[in-house]
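Not measured: the values here are computed from a predicted model.
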Amino acid sequence: MGTKRFFSRIGLWLEALEKGSVLVVDEIEASMHPLLTEHLVRMVQDKDINTNHAQLVFTTHNSNLLDLKLLRRDQIWFVERDENTMETDVFSLTDFSPRKEENIERGYLQGRYGAISFIGKEKK
């Protein structure tokens, strides 16, 4: 399934890179191996491949992509919904001023940046 998903997307990816357009992908990791997903992101990040300055905007639940060797701090954004008001807040990793060597994935999973679903959390 993952290989089929990869090949169904690669045409759009290559077209965006060729034209320098914006590619928007919801749940970029859906049914794909994490290394294939990372490869697609790296293609857009690579200046030798992305010579026409295409842009990639994607959502993901794959915390492995929270890597400062893959993405810059200003490229990582979080979304959090307030349980009481149901309002959605969008904020950047740069709001937290992480160090360059910081493990962003671990910090995210520990709740340091918010935007974590708390399953089974009781309302007070």
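- Listed by chain and number, the residues in a side-chain hydrogen bond (donor to acceptor under 3.5 Å, both in side chains) with Thr85 are Asp82 (sequence neighbours excluded).
- The minimum heavy-atom distance linking Ala16 with Ala54 is given by the pair O-CB, 3.3 Å.
- Counting only distance, with no hydrogens or angles, the side chain of Asn52 and the backbone of Gly20 share no donor-acceptor pair below 3.5 Å.
- Its side chain outside the 4.5 Å cluster rule for every partner, Met1 clusters with none of the Ile, Leu, Val, Met, Phe, Trp and Tyr residues.
- Glu18 pairs by the side-chain hydrogen bond (donor to acceptor under 3.5 Å, both in side chains) definition with nothing, not counting sequence neighbours.
- A continuous path of hydrophobic side-chain contacts links Val25 to Ile49 [ILVMFWY only; heavy atoms under 4.5 Å].
- Judged as a salt bridge (charged side-chain N to carboxylate O under 4.0 Å, His left out), the pairs with a partner in residues 22-41 (not counting sequence neighbours) are, in order, Glu38-Arg42.
- Shortest non-hydrogen contact noted between Tyr108 and Ile116 is O-CD1, 3.0 Å.
- Between the side chain of Arg73 and the backbone N or O of Pro98, at least one donor-acceptor pair lies under 3.5 Å.
- For the atom pair Ile76 CD1 and Asp95 CG, the distance stands at 12.5 Å (nearest 0.5 Å).
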Side-chain donor-acceptor distances from residues 63-71 under 3.5 Å, at least two apart:
from: Ser63; atom 1: OG; to: Glu105; atom 2: OE2; distance (Å): 2.8
from: Asn64; atom 1: ND2; to: Asn62; atom 2: OD1; distance (Å): 3.3
from: Asp67; atom 1: OD1; to: Lys69; atom 2: N; distance (Å): 2.8

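- Ile28 and Trp77 fall into different hydrophobic clusters, where Ile, Leu, Val, Met, Phe, Trp and Tyr side chains are chained together by heavy-atom contacts under 4.5 Å.
- Considering only residues two or more places apart in sequence or on other chains, Tyr113 meets the ring pair (Phe, Tyr, Trp, His ring centres under 6.0 Å) condition with Phe78, Phe96.
- Tracing side-chain contacts under 4.5 Å through hydrophobic residues (I, L, V, M, F, W, Y), one reaches Leu36 starting from Leu14; they form part of the same cluster.
- Residues passing the salt bridge (Lys or Arg N to Asp or Glu O under 4.0 Å) test with Arg81: none are found, sequence neighbours excluded.
- In this structure, Leu12 and Glu15 have side chains that are in contact, with non-hydrogen atoms separated by less than 4.5 Å.
- A donor-acceptor distance shorter than 3.5 angstrom exists from the side chain of Trp13 to the backbone of Leu40, with no hydrogens or angles considered.
- Only one option out of Thr59, Val90, Asp89 pairs with Val79 in a side chain to side chain contact (heavy atoms under 4.5 Å, CB included); it is Val90.
- Annotation: side chain to side chain donor-acceptor pair (under 3.5 Å) contacts involving residues 1-12, sequence neighbours excluded, are absent.
- Applying the salt bridge (Lys or Arg N to Asp or Glu O under 4.0 Å) rule to Glu101 yields the partners Arg99; only residues at least two apart in sequence or on another chain are considered.
- Residues satisfying the side-chain hydrogen bond (donor to acceptor under 3.5 Å, both in side chains) criterion with Thr94, sequence neighbours excluded, are Ser92.
- Ser21 places no side-chain N or O within 3.5 Å of a backbone atom of Leu17 that could act as its donor or acceptor partner.
- Counting Ile, Leu, Val, Met, Phe, Trp and Tyr side chains that sit under 4.5 Å apart, directly or through other members, Val22 shares a hydrophobic cluster with Val24, Val57.
- His33 has its side chain out of reach of Phe6: every pair of non-hydrogen atoms, C-beta onward, lies at least 4.5 Å apart.
- Within the structure, no pair that satisfies the salt bridge (charged side-chain N to carboxylate O under 4.0 Å, His left out) test touches residues 48-65, not counting sequence neighbours.
- Residues Gln45 and Gln75 meet the side-chain proximity criterion, which asks for heavy atoms closer than 4.5 Å.
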